[in-house]
Asks: 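First the structure, which I've put down as structure tokens, then a few questions once you've had a look.
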2 protein chains.
Amino acid sequence: MSITIKDLASQLGLSPSTVSRALNNNKNINQATIRKVQKLAKELNYKKNNWASALRTKKTKMIGVIVPSLKNPFFAHTISGIQEVANEKGYRVMICQSNESVELETHQLNTLVASGAEGILISISGETESYEAISELEESGIPVVFFDRAFKSVKANQVEADDYGAGFKATQHLLSLGCRNIAHLAGPENLRNCLNRKEGYLQALKQFKVPVREELIIEVSLESDEFEDEVIKKLLEISPKVDGVFAVSDPIAVQSILHLKKQGVKVPEQIKVVGFGNDSVGEVVEPNLTTVTQNPYDMGIEAVKLLMDIVDNAGFSKSVKQIFVDAELIVRDSTIN
Amino acid sequence: MSITIKDLASQLGLSPSTVSRALNNNKNINQATIRKVQKLAKELNYKKNNWASALRTKKTKMIGVIVPSLKNPFFAHTISGIQEVANEKGYRVMICQSNESVELETHQLNTLVASGAEGILISISGETESYEAISELEESGIPVVFFDRAFKSVKANQVEADDYGAGFKATQHLLSLGCRNIAHLAGPENLRNCLNRKEGYLQALKQFKVPVREELIIEVSLESDEFEDEVIKKLLEISPKVDGVFAVSDPIAVQSILHLKKQGVKVPEQIKVVGFGNDSVGEVVEPNLTTVTQNPYDMGIEAVKLLMDIVDNAGFSKSVKQIFVDAELIVRDSTIN
DNA sequence: TTGAAAGCGCTAACAA
DNA sequence: TTGTTAGCGCTTTCAA
């Protein structure tokens, strides 16, 4: 079929090992030979067989990434960061989606292992509650780094947005504008970062000595398609009247704004809204959405760097690193007029 | 390191070949043996080494996808469709981004080949002008299917939106609403689908006997970040006054609306705007954007099906298939009040 | 129904 | 600096 090292070797009257060395720019080899070999390789359009090489060296030069969904721009950006750095270091990246399903997630994990991923970056699905499948991986020597979403109870290598700080900043912003009845549209309880955003919200209230009211915290699905009129109705029935909303994500915040406007509520005059994540929709909705940004691209870069460090120093460092990527408040029209 | 067929064999007192057969559910083998082997495999958490297997069988069960950018939701959706079908058929998918650069694109192509992709799905970068690198692939026996973006001059297997029909529908919609001075914000000339959208625009004008005016066709970058005030200024200086805009993409259309509003122009009263692609931003901008949708998910599915057909009947069918996925007009507030 | 042996393409000791 | 040899883990003849 396609051309192999053996073919090159026989055409040049060299041994396969010499050709291999020449192709890999080995130092103990004649420069002239290198040129000769590489010239013919190019001519014949030789392409190295990565698996044969991987089989021999046990280095696949491949890492895996599992995200809940590529359709989420946040992950699209993270992956761009990951690929950027990985490719620079000569690593390929295999991207999988879990579609927020544990079953699929486990399947993808297995596939990645069977394909010889040297390390795995994962942002767990909303459903995932057990760390078992993943800890098994680590025991078998494949390092794992969590990014964006991790387990709340497990100490593991991870890179996260500083969700706590971000939730705090968002809420503080509303408080400093005079809001005292701030609702929080919260994400699922099992996702640590959603939880942390909520913690930030609670902490900010505490610091401003505003009592927490449970009815102001409404759990919503992260799928903004599933956003329901119900949520806004519930919100508007609360008394004393809600004057600020901190939403767990920008799409949710945008949906809220759209629904609020439909109900005749003026944003920001009557209710101020802050989102989370600096999604592009926030720049389009009117009023433009105030939000906190998580710098997904940077997060991807931090995550893959951490993973590569571990992969390169295989086995070393029993310690665990947790990196927080700073969040930043972006003030737009949905809170200030 | 990790557990191999040999390990299983020695623990069971069987030969590696028997174990291999048992794991692959070969028919010429005792059912009891199969059970025994698979039980132990599960116990010891055996994971097949895909490369070793690929090296032997020449079947990698892997296909590659190259897209300009994952950040473009269109491609994110297409890829979801691709992965869905591919995974169902037991294929893995390797996703690469070209970042709209030919150089990177070629590099990714090489990597995919070296990694043993059995077929490649590609949506070419805005820069790519030569078909050479890709035809080389096909000669070496790796089938290629283009999707969404292909070369205008080359007959190849491809799945595209019916850009022509979509451009026609969009323009026809504006014409039927009474617009007679319709500007077209066009994409780069080397992308066939951009060209086809323009052709649809031209054809619709012709059918309505509206003369084409070159100054109404303004070429813009596809990167909506790079959208310039200039474009709108130029647009507003044209006389007789522009009363409709057909933009090559939704982000461009949205940018236009935002800039028009900034200039005090009322949409749709003074200028009606139609986009292309049914991007989520279109549902958020005010007025909501009228657009034509390309069904990216379906396109991904069609493309991967076509590829898998070719891969499965390797070498067969010297003929070339071109599939057009129907586009559909979605009327919203940016054209009707 | 099972086993022995060979080989996919590559690389790394070791020897020359 | 180059060649010889062996083997990564798997599958597949061929023989038993």
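Residue numbers start from 1 in every chain, and the chains themselves are labelled A, B, ... in the order their sequence lines are given, proteins ahead of strands.
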Asks: Between A:N26 and A:I34, what is the shortest heavy-atom contact and its length?
Replies: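 Smallest interatomic distance, heavy atoms only, reads O-CD1, 4.1 Å.
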Asks: Between B:R92 and B:T60 (side chain of the first, backbone of the second, donor and acceptor by atom type, cut-off under 3.5 Å), is there such a pair?
Replies: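 Yes: the side chain of B:R92 pairs with the backbone of B:T60.
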Asks: Identify all side-chain donor-acceptor contacts of residues 61-76 of chain A below 3.5 Å with residues at least two apart in sequence or on another chain.
Replies:
unit_1: A:S69; atom_1: OG; unit_2: A:K71; atom_2: N; d: 2.9
unit_1: A:N72; atom_1: OD1; unit_2: A:F74; atom_2: N; d: 2.8

Asks: Please name all residues satisfying salt bridge (Lys or Arg N to Asp or Glu O under 4.0 Å) with A:R149, sequence neighbours left out, ordered by chain then number.
Replies: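 Scan of A:R149 (salt bridge (Lys or Arg N to Asp or Glu O under 4.0 Å), adjacent residues dropped) gives A:E100.
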Asks: For B:K47, does the NZ atom have more than 12 heavy-atom neighbours from other residues, nucleotides or ligands under 6.0 Å away?
Replies: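 Enclosed: over 12 neighbouring heavy atoms sit under 6.0 Å from NZ of B:K47.
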Asks: A:E105 and A:S123: which non-hydrogen atoms are nearest, and at how many Å?
Replies: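 Heavy atoms of A:E105 and A:S123 come nearest at OE2-O, 4.3 Å.
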Asks: Any residue in residues 20-38 of chain B with a heavy atom nearer than 4.0 angstrom to DNA chain D? Just list them by number, or reply none.
Replies: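 By residue number: B:S20, B:R21, B:N24.
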Asks: How close do A:A161 and A:F324 get, heavy atom to heavy atom, and via which atoms?
Replies: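 Heavy-atom minimum between the residues: O-CD2, 3.9 Å.
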Asks: Would you mind reading off the bend of the helix from C:dT1-D:dA16 to C:dA16-D:dT1 from its two end axes, five pairs each, to 10 degrees?
Replies: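 For the helix from C:dT1-D:dA16 to C:dA16-D:dT1, the axes at opposite ends meet at about 40°.
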Asks: With a cut-off of 6.0 Å (strictly less than), are more than 12 heavy atoms of other residues, nucleotides or ligands near CD of B:E103?
Replies: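 Counting neighbours around CD of B:E103, 12 or fewer heavy atoms of other residues, nucleotides or ligands fall under 6.0 Å, so no.
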Asks: With sequence neighbours excluded, give me every salt bridge (charged side-chain N to carboxylate O under 4.0 Å, His left out) pair touching residues 32-42 of chain B.
Replies: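 Pairs touching residues 32-42 of chain B that pass the test: B:K39-B:E43.
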Asks: Can you pull out the residues from residues 4-18 of chain A that lie within a 4.0 Å heavy-atom distance of DNA chain D?
Replies: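 Close to the strand are A:G13, A:L14, A:S15, A:S17, A:T18.
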Asks: With a 4.0 Å cutoff (strictly under), does any side-chain N or O of A:K58 reach OP1 or OP2 of C:dT11?
Replies: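 False: A:K58 side-chain N/O out of range (4.0 Å or more) of C:dT11 OP1/OP2.
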Asks: Just by distance, no angles: are the side chains of A:S17 and A:S20 close enough, under 3.5 Å, to form a donor-acceptor pair?
Replies: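 No, because no side-chain N or O of A:S17 sits under 3.5 Å from a partner of the opposite role on A:S20.
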Asks: Between C:dG9 and A:Y46, is there an OP1 or OP2 to side-chain N/O distance shorter than 4.0 Å?
Replies: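 It does not, given that no N or O in the side chain of A:Y46 lies less than 4.0 Å from OP1 or OP2 of C:dG9.
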Asks: Rounded to the Å, how far apart are A:L55 CG and D:dA6 P?
Replies: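 Going from CG in A:L55 over to P in D:dA6 covers 18 Å.
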Asks: Under 3.5 Å, is there a donor-acceptor pair between the B:S98 and B:Q108 side chains?
Replies: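 Distance-only check fails for B:S98 and B:Q108.
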Asks: In this structure, how many angstroms lie between the C1' atom of D:dG9 and the NZ atom of B:K48, rounded?
Replies: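 Rounded to the whole Å, the gap is 11 Å.
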Asks: Rounded to the nearest angstrom, tell me the gap between atom CH2 in A:W51 and atom P in C:dG9.
Replies: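 In whole Å, C:dG9 P and A:W51 CH2 are 9 Å from each other.
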